**Q** 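Encoded as structure tokens, here's the structure I'll be asking about.
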Number of protein chains: 2
Amino acid sequence: MLRLSKLTDYAVVVLAGLDRAERNRRVMAVPEIALASGLAEPTVAKVLKILGQAGLVEGLRGARGGYRLGRALHEIPLSDVIVAFDGPIALTACVDGASGGCEAEAMCPVRGRWDPVNRAIRDALAHVTIADLAGPARCHGTPAALVLNA
Amino acid sequence: MLRLSKLTDYAVVVLAGLDRAERNRRVMAVPEIALASGLAEPTVAKVLKILGQAGLVEGLRGARGGYRLGRALHEIPLSDVIVAFDGPIALTACVDGASGGCEAEAMCPVRGRWDPVNRAIRDALAHVTIADLAGPARCHGTPAALVLNA
DNA sequence: GGAAACCGGACGCACTTGGTCCTATTTGGA
DNA sequence: TCCAAATAGGACCAAGTGCGTCCGGTTTCC
């Protein structure tokens, strides 16, 4: 199915929820975000921890703490979120300079040929921002993904 | 990792191996293909079975049988191979008209917004042919994937 | 008639994913 | 000063799924 992990999917929803708080200039705690997004609390907490490690959100500890967006949604490319949860974007195990993982490396006729494809996918995902996915309110004109269809 | 299944990876290698036989206008049996591709026989057999169901290769039964390409490599888009092994190309479970799978469907702010992204990925993979991946011999100019980088 | 080869399905191991929970640390307020 | 609220980080277990293998059946050529 070429699917990305559920956590990545959740992350987009969580970021979209955080954006609403951002416009009110306040932080949101995990239970509040869970309520707003319709996801379970522990799951939301896990997603936010990972997003925090990636620098996409900022966590404020202590009482009256919570989470805040690290940047505006339209400044967060979808690829950044995917990399944070699923690791480097690559369709196959044999990427770029990586070697050793493939047993038939020497005779492989496909060696190195996947790189342009991987780059194309990466670029496509880098030109879509979370704002494009978070609803029409923040959408500046045509989403970048549509341009790629031409 | 946004990765596609190993079988899909193998399929490209197997198709590239079959192409060499095609140019000699003969069929190849599984053991021969396995030897040429450096993969285990049962695995190659499984890959060819699936490729046959998808119509990408043609199986000739009986003694002196074997496999033959259904079309030329440059007429096989990469997306066809991926669909045969991984199913429909979609980054998330909530695609197009599909409904019911998501518990937070009603309140999901991302609903329907993934579709353009999925289409972009599909298009990118549809414009790359197996010939582009199978080595420089059959490559007509710049691979389509590189064009998408612009 | 026998051998060679594909066809279809079933099985089992192993890895990854996911959801959950626990403890430590930090901070604000009574 | 103490307590409550909240994040940080890691460990853990269960479920699903991918993947390699194998077996019986069928077809075709010699």
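To find a chain, count down the sequence lines: A is the first, B the second, and so on, and within it residues start at 1. No experiment lies behind these values; they were computed from the predicted model shown.
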**Q** Please classify the nucleic acid contact of B/L48 as base, sugar-phosphate, or nothing, using heavy-atom distances under 4.0 Å.
**A** nothing
**Q** Tell me whether the side-chain N or O atoms of A/K49 pair up with the base of D/dG9 as donor and acceptor below 3.5 Å, since no angle test is needed here.
**A** yes
**Q** Mapping A/K46 and B/G62 onto DNA chain C by nearest heavy atom, which one lands closer to the 5' end?
**A** B/G62
**Q** Heavy atoms from C-beta onward define the side chain here; which of C/dC6, C/dG28, C/dG18 lies closest to that of B/A29?
**A** C/dC6
**Q** If you only use heavy atoms from C-beta on, which nucleotide in C/dT20, D/dG20, D/dC29 is closest to the side chain of A/P42?
**A** C/dT20
**Q** Any sub-3.5 Å donor-acceptor pair from A/N118's side-chain atoms to A/L91's backbone N or O?
**A** yes
**Q** State whether the distance check finds a donor on one side and an acceptor on the other, under 3.5 Å, for side chain B/R61 versus base D/dT28.
**A** no
**Q** Within the 4.0 Å heavy-atom criterion, would you say A/A45 contacts the bases, only the backbone, or no part of the nucleic acid?
**A** nothing
**Q** What nucleotide among C/dT20, C/dG18, D/dT7 has an atom nearest to a side-chain atom of A/T43?
**A** C/dT20
**Q** Closest-nucleotide mapping onto DNA chain C: is A/R64 or B/G65 further toward the 5' terminus? I mean the 5' end.
**A** B/G65
**Q** Among the candidates D/dA5, D/dC19, C/dG18, find the nucleotide nearest to the side-chain atoms of B/K6.
**A** D/dC19
**Q** Check every atom of C/dG18, C/dG28, C/dC6 against the side chain of A/A63 and return the nucleotide holding the closest atom.
**A** C/dG28
**Q** Is there a path from B/L51 to B/V27 through hydrophobic residues (I, L, V, M, F, W, Y) whose side chains come within less than 4.5 Å of each other?
**A** no
**Q** Given C/dG28, C/dG18, C/dC7, which nucleotide is nearest the side-chain atoms of A/Y10?
**A** C/dG18
**Q** For the side chain of A/V30, counting heavy atoms from C-beta on, which of D/dT7, C/dT20, D/dC19 is nearest?
**A** D/dT7
**Q** Do B/D9 and A/T92 get their side chains close enough for a donor-acceptor pair, meaning under 3.5 Å?
**A** no
**Q** Roughly how many Å is it from CZ in A/R68 to P in D/dT7, rounded to a whole number?
**A** 13 Å
**Q** Across the strands shown, which category fits B/G66 at heavy-atom distances under 4.0 angstrom: base, sugar-phosphate, nothing?
**A** sugar-phosphate
